[in-house]
Amino acid sequence: VTGMSPLSPYLNLDPRYLVQDTDEFILPTGANKTRGRFELAFFTIGGCCMTGAAFGALNGLRLGLKETQNMAWSKPRHVQILNMVTRQGALWANTLGSLALLYSAFGVIIEKTRGAEDDLNTIAAGTLTGMLYKSTG
């Protein structure tokens with residue numbers, strides 16, 4: 001085997017065998033290589049819930065420290081701060097999760113109705129979500 005340099009003096013391997021010309025994923029025949037809007041909806045909803053919980057917890061910590069600044073560092077103060085953190089975390093997680101659920105549901109419905117996946121679906125889903133969320137105000 002002349003003209004080829006092995007990867008290592010310890011490996012007697014032809015480097016041409018390491019080149020991959022095909023995809024690395026195993027997909028069923030006719031399957032799409034990208035995730036659809038319905039599959040991405042679960043990631044969107046879960047991510048928004050987690051983001052809302054984290055933001056709400058930080059906001060609750062800020063509010064709890066502000067409201068209890070006149071109290072001494074004691075068990076009642078810790079409990080009050082912890083209550084504020086959990087209350088705000090749950091509130092924000094619920095709010096952002098609900099918005100993500102509405103957005104994802106509208107997006108899937110519009111995509112299935114139109115039969116196309118483009119930016120118009122995203123704009124329409126966001127618009128409908130905002131209109132429904134603010135309709136009570």
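Members clustered with Leu65: Leu61, Trp73, Ile81, Val85, by chain and number, using a 4.5 Å side-chain heavy-atom cutoff among hydrophobic residues.
The side-chain heavy atoms of Leu128 and Ile110, taken from C-beta on, include a pair separated by under 4.5 Å. Taking 4.5 Å as the limit, every side-chain heavy atom of Tyr103 sits out of range of all side-chain heavy atoms of Ile45.
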Query raised in the report: Would Thr113 and Ile109 satisfy side chain to side chain contact (heavy atoms under 4.5 Å, CB included), going step by step from the backbone distance to the final call?
Result: CA-CA 6 Å; Thr113 302; Ile109 290 169; 4.0 Å; yes
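Here the CE atom belonging to Met84 is positioned 3.5 Å from the CD atom belonging to Glu67, to the nearest 0.5 angstrom. In this structure, Leu99 CG and Cys49 SG are separated by 10.0 Å, a value rounded to the nearest 0.5 Å. For the atom pair CZ (Phe43) and OG (Ser104), the distance works out to 11.0 Å, reported to the nearest 0.5 Å. Here the straight-line distance linking atom CD of Glu111 with atom CZ of Phe106 works out to 15.5 Å at 0.5 Å rounding.
Pairs engaging residues 128-137 under the side chain to side chain donor-acceptor pair (under 3.5 Å) rule: none recorded [sequence neighbours left out]. Sorted by first and then second residue, the pairs that involve residues 43-65 and meet side chain to side chain donor-acceptor pair (under 3.5 Å), not counting sequence neighbours, are Asn59-Arg62, Asn59-Gln88.
With Thr86 contributing its side chain and Asn83 its backbone, the two residues share a donor-acceptor pair below 3.5 Å. In this structure a side-chain-to-backbone donor-acceptor pair under 3.5 Å is present from Arg77 to Thr68. Checking side-chain atoms of Ser74 against main-chain N and O of Ala72 turns up a donor-acceptor pair under 3.5 Å.
In the displayed structure, Asp119 atom CG is contacted under 6.0 Å by at most 12 heavy atoms of other residues, nucleotides or ligands. Environment of CE in Met71: crowded, with over 12 heavy atoms of neighbouring residues, nucleotides or ligands closer than 6.0 Å.
Between Thr127 and Ile123 the shortest heavy-atom distance is OG1-O, 2.7 Å.
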